[in-house]
2 protein chains.
Amino acid sequence: MTSTEPGLRPTKQRLAVAAAMSSFEDFRSAQDIHELLAHRGDPVGLATVYRTLQRMVDAGEVDLLRTEDGEAIYRRCSDTHHHHLVCRDCGATVEVEGPAVERWTRAIAGEHGYGDVSHTLEIFGTCPSCR
Amino acid sequence: MTSTEPGLRPTKQRLAVAAAMSSFEDFRSAQDIHELLAHRGDPVGLATVYRTLQRMVDAGEVDLLRTEDGEAIYRRCSDTHHHHLVCRDCGATVEVEGPAVERWTRAIAGEHGYGDVSHTLEIFGTCPSCR
DNA sequence: ACAGAGTTGACAACCGTTCTCAACTAGCCT
DNA sequence: AGGCTAGTTGAGAACGGTTGTCAACTCTGT
């Protein structure tokens, strides 16, 4: 067993996607990232962008969320688990942590005999400047 | 102002969809519901199923969720606000209530000046019979 | 340099969802 | 009843995001 997956190459494209992911803080769709790369002068095929993002999600390097209409959006994973408070008018996002929620979900799941628990929690509201 | 929306007709199709929604407890996709109606002998066009479900969601009669791969699934709404504990293998669903979470989200949002707060919370795990 | 596994990208295929539009109804007015 | 009209339906096309295909390409170790 090697330290990295065997036969996984750090190609130009993968590096470009990784670099792009570090260049913004918010969630972007795969197509946004594809365009961003093209404008930057590092064009990467759309299929490759999807493949690479998928891998990064599997590796836990990137967070995957779904918009309300089912589109996948990606974002560099910060090291701590957290949730988002999103303004439903302007989209402004605040990261929030909720140890209480983490505990609560695990407890509830345990009560019903569910294991291997994960959860998704997003809070929507109207931000101060949109009220 | 009338008691019901003006110009909204209780057609055969709408009644059939409403009846179908009362006939199961778990979440189903629009296409599942479309098939269910066909097998029942009340065939309703797929587009109509989508339209009707959309309306019911808007009216708050039906809950809309997204599966992990972005597909929309629908379910008759019970009157109390609650969340779902879903088995990621077999799909078994348990309704859970979390006054603590409700309070927490409102508090967090308030701290950041956000108003008119709503939230989505889904818990995923492996149910006892799938472990 | 060579071999061979891994990777890429243009494009087609897929699949859930929405749109289009002519035919059809339900409800209302006379 | 008959007719008018806004609302509704359904078959199929269109759409948009995502995944599959496959021949050409590129690392990496030998």
Side-chain angles (χ1 to χ4, degrees), chain A residues 1-21 27-59 61-75, chain B residues 1-21 26-59 61-75 91:
Chain A
M1 223 156 265
T2 58
S3 59
T4 56
E5 285 300 326
L8 190 77
R9 300 183 192 155
T11 62
K12 222 185 325 222
Q13 289 87 341
R14 291 211 241 246
L15 295 173
V17 172
M21 291 307 290
F27 285 91
R28 302 284 175 90
S29 73
Q31 319 229 13
D32 286 345
I33 294 162
H34 172 242
E35 253 185 79
L36 193 152
L37 286 165
H39 284 144
R40 235 190 216 203
D42 285 315
V44 175
L46 184 54
T48 301
V49 171
Y50 274 106
R51 276 186 297 239
T52 306
L53 287 173
Q54 192 106 319
R55 253 175 224 261
M56 295 175 90
V57 170
D58 290 345
E61 298 162 18
V62 160
D63 271 338
L64 166 58
L65 226 69
R66 294 267 169 194
T67 61
E68 293 203 1
D69 51 308
E71 194 181 357
I73 49 178
Y74 304 84
R75 169 177 153 156
Chain B
M1 221 161 263
T2 59
S3 59
T4 56
E5 287 299 327
L8 188 78
R9 300 182 192 157
T11 63
K12 223 185 325 220
Q13 290 87 341
R14 285 187 197 169
L15 295 174
V17 172
M21 291 307 290
D26 50 338
F27 284 92
R28 302 284 175 90
S29 74
Q31 319 228 13
D32 284 346
I33 295 162
H34 173 242
E35 252 185 79
L36 193 152
L37 286 165
H39 284 143
R40 235 190 217 204
D42 285 314
V44 175
L46 184 54
T48 302
V49 172
Y50 275 107
R51 276 186 298 239
T52 306
L53 288 173
Q54 193 107 318
R55 252 175 225 261
M56 295 176 90
V57 170
D58 291 345
E61 297 163 20
V62 160
D63 272 337
L64 165 57
L65 228 68
R66 295 265 170 199
T67 62
E68 293 202 1
D69 52 307
E71 194 181 357
I73 48 178
Y74 305 84
R75 171 179 152 153

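Sequence lines set the chain letters: A, B, ... in the order given, protein chains first and strands last, and positions in each chain run from 1.
Within the 4.0 Å cut-off from OP1 or OP2 of D:dG10, at least one side-chain nitrogen or oxygen of B:Gln13 is found. For the pair A:Gln31 and D:dG16, the criterion of a side-chain N or O lying under 4.0 Å from OP1 or OP2 is not met. The shortest distance between the side-chain N/O atoms of B:Arg55 and the OP1/OP2 oxygens of D:dG7 is not below 4.0 Å.
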Collect all protein-nucleotide pairs involving nucleotides 18-24 of chain C in which both atoms are nitrogen or oxygen and the distance is under 3.5 Å.
none

Any N/O pairs under 3.5 Å between the protein and nucleotides 24-26 of chain D? List them or say none.
residue, atom, partner, partner atom, Å
D:dT26, O2, A:Arg9, NH1, 3.0

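Between the CD1 atom of B:Ile73 and the C1' atom of C:dT17 there is a distance of 15 Å, given to the nearest Å. Distance CD (B:Glu35) to C1' (C:dG16): 14 Å, rounded to an integer number of Å. Between the CG atom of A:Asp69 and the C1' atom of D:dG17 there is a distance of 10 Å, rounded to whole Å. When the P atom of D:dG17 is taken as reference, atom CZ of A:Arg66 falls 12 Å away, rounded to whole Å. Between the P atom of C:dT8 and the NE2 atom of A:His34 lies a distance of 13 Å, rounded to the nearest Å. What separates CG of B:Asp32 from P of C:dT17 is a distance of 10 Å, to the nearest Å. Atom P of nucleotide D:dG16 and atom CD of A:Glu68 are separated by 20 Å, given to the nearest angstrom. In this structure, B:Lys12 atom NZ and C:dG27 atom P are separated by 12 Å, rounded to whole Å.
Of the candidate nucleotides C:dG27, D:dG10, C:dG16, C:dG16 has the atom lying nearest to any side-chain atom of B:Glu71.
Nucleotides of DNA chain C nearest to B:Thr11 and B:Ala72 differ in position, and the one nearer the 5' end is that of B:Ala72.
Just one of B:Leu36, B:Leu15, B:Leu37 meets the side chain to side chain contact (heavy atoms under 4.5 Å, CB included) condition when paired with B:Val44; it is B:Leu37.
Here CG of B:Leu53 is found 12.0 Å from CD1 of B:Ile73. Values are rounded to the nearest 0.5 Å.
Of all heavy-atom pairs spanning A:Glu71 and A:Ser29, the tightest one is OE2-CB, 3.4 Å.
Residues satisfying the salt bridge (charged side-chain N to carboxylate O under 4.0 Å, His left out) criterion with A:Arg28, sequence neighbours excluded, are A:Asp26. Among residues two or more places apart in sequence or in another chain, the side chain to side chain donor-acceptor pair (under 3.5 Å) test is passed with A:Asp69 by A:Thr67. A search for ring-ring contact (aromatic ring centres under 6.0 Å, His included) contacts involving B:Phe27 returns B:His84, not counting sequence neighbours.
Side-chain atoms of A:Arg66 come within 3.5 Å of backbone N or O of B:Glu68 as a donor-acceptor pair. Side-chain atoms of A:His34 never come within 3.5 Å of backbone atoms of A:Gly45 as a donor-acceptor pair (strictly under, hydrogens ignored).
The side chain to side chain donor-acceptor pair (under 3.5 Å) analysis of residues 39-50 of chain B, with sequence neighbours excluded, yields the pairs B:Ser23-B:Arg40, B:Gln31-B:Tyr50, B:Thr48-B:Arg51.
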